Amino acid sequence: MVLFMKCYWSFYPTHFKQSSLSFPQINRPRTKEWVYIWSPLFQQTVFGRIIEKFIPTSSVSIQHWIIDSSLSTFDLPVFSPCSGCSLNQFSLNIPCSFLAPIQFVLNIPLHKKISESKRQFNLPLCEFSSIAHLHYDFILGFNRFLIPVPSSISLPDNLLIRFIDSGHLRNQLLIFQNQFSSFSNFEFYTDGSVVDLSQETCSMTFAFSQTHPSTPLIHYSTSIENWPSSFKAELSAVVVALLLVPSHSSVIIHTDSQSIVERFNHLSALISLTPRYLLKGSSCNPLWIILFEILSISHISLSLIKIKAHSNDINNNFVDSLARSSHALDPLPVCFTLNFTLISCFPLWKSIPIELNVRQFITNLSRNSGFEKFLFLSRNNRYLILDVHWESTFFILSDDEDSSATFFSSSFRKAHKIKLLLQELPTVKHVKLRRPDLYNGWNCPVCKDHPETFAHIWRCRNHLSRLNTIIFNSKKHLISLVNQYRSINSSRFTNQHLRHPSLWNLDVQNDSFSFVDLIKGVVPCFLFNVIDPFVDNSTITLFILSVFIDSIYSSFMSSVWNPHCERMLLDEYHAGITRQSKRMNCVRSTSPPITRSSFSFVPTFFGVDKLINFGVIGYLFIQIFVYWLIVALLSFRNQ
């Protein structure tokens, strides 16, 4: 199937500043184009305007123009007519002109008329010279613009050399492959191991052991890098073992990974493996492509057998201990190459193959980038050093509604929680940023004593008793929730387990948590680590924390913030501030505000224009007074 691009998506070949490479049209003699040409005699580019076109000889006569250095800039050169130079070939009325073959002449795409004798070109001289010189060499055959044809890459027939990067490790594996070359029946035990997952000291190793009695007994272990998981370690052992066996072999692999067995059986049942389907895998996509290419090219008969982990199987226990012991040895990692035939290209991120589902990876990358921007906000600097359980924090933030439904009330509640988390509640200081003219001199609407900032909410003397009540009730509620959902074998959860030097206080410090963080929805790792051993289920722990934080938020709204907003609205009502006025742009005027005394009338006939400053009403009154005065004078004169 051949697909053709629609015409409106195709463009002429361009270069430099989107200027098309065009030529004078010899069959249009009335058109006088502005052109430039490379002069081999002077080894420079010559500019001018076509005077006449000669169709029989395919040549044009050009009036020579030279650069005006006083008006030109680097990227906008200005030219004026040449008064005469060695290029002149005609004794015409034009001071300087010459004849040139039309195949060497190029049009100047963008130009601007400054005056009758000045013309500005919208391209630097260096680019004009490069184009003209290269075009001249191309016409004469000095420089051929040959499009390089990519040479076909011949992949090695040995799949071990094709899929394993060169090095000492591949040389060792080639020795094992040579020992297996004359055998056809193999039985492997494979295992993988991962330690310190999600930490900088993470290590991922795998091991395999060939146990078939008629084949050399060989065992081997090494490490692997990038995208650490026990699934990848197990699958890497299977792939490396298959790379060692010769074609048309019968292979049985024992593994304790049920997920690998199920995934292999699912992919084997498909009629064909398309690149789109392979890239939609949840993990280890390159390894699965290599595995099925090995089976397809080498015609290997593979059977995967699931065995119970940490059972009394001697061989399985041996490869398990072999993989675990490799963490201390720190061996060279095996590096797989992407020389596939099932798929012609593979997505990379910073030169690292994307082994996960590409769409899910992009989603996670976007979320992580957004979280990084959020975390490095100046207001969140303290959370860089504090131990925050971010999984619980963001779970609680989105736990108000089902993911498959949307409700206005839940959306409004979540939006308000985000404002609270970002410290963007509409305090007096916050609303002053938009309308300082309306809220000039305003203090806290509750205590009336101090300027209201986000920090003042927790220090206001009218809020302290209510906030302390919330702290007391919240601790009782949390103890009740944990005891309700604790496991059977756990002891009773008491107030002693919640002891913390600063968490249940309202003093906000940069190096410690406070109860304000819980109101904002930030969950310390301390709470998660204290509750989880009693519940023995991370999902239930998240549920308990969600109910606990939500109750704190509801108590804060009903006891503190909603009364605050009512007082704020009442003050705005008495000040004459409406919703429409708050939405208007800020009025910034250097003149004094108009007061009630501004509308007093000063009866004077000198400088009537100045009466505008006394108010609109006074000015209109003066107009009416002057009008009737003139009418009275005219009536008196007529009498």
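Remember, predicted model here, so these are calculated numbers, not experimental data. Only heavy atoms go into these numbers, but all of them, side chains included; no hydrogens, no water, no symmetry mates.
When all heavy atoms of Tyr220 and Phe176 are compared, the pair lying nearest together is CD1-CE1, 3.5 Å.
With a 6.0 Å radius and a threshold of 12 heavy atoms from other residues, nucleotides or ligands, Phe472 has its CZ atom at or below the threshold. Other residues, nucleotides and ligands contribute only 12 or fewer heavy atoms inside 6.0 Å of the CG atom of Asn312. Under a cut-off of 6.0 angstrom, the local environment of CG in Leu377 is crowded, with over 12 non-hydrogen atoms contributed by other residues, nucleotides or ligands. Summarising the local packing, CH2 of Trp349 is surrounded by 12 or fewer heavy atoms from other residues, nucleotides or ligands at distances under 6.0 Å. Within 6.0 Å of the NZ atom in Lys306, the count of heavy atoms belonging to other residues, nucleotides or ligands exceeds 12. Atom NE2 of His219 has 12 or fewer heavy atoms from other residues, nucleotides or ligands within 6.0 Å. The environment of CZ in Arg367 is sparse: at most 12 heavy-atom neighbours from other residues, nucleotides or ligands sit within 6.0 Å. Within 6.0 Å of NE2 in His248 there are more than 12 heavy atoms belonging to other residues, nucleotides or ligands.
The shortest distance between side-chain heavy atoms of Asn473 and His477 does not fall below 4.5 Å. The shortest side-chain heavy-atom distance between Phe188 and Leu242 does not fall under the 4.5 Å cut-off.
A side-chain donor from one of Tyr383 and Asp517 sits under 3.5 Å from a side-chain acceptor of the other.
Taking the six-membered ring for Trp and the full ring otherwise, the centers of Phe180 and Phe186 sit less than 6.0 Å from each other.
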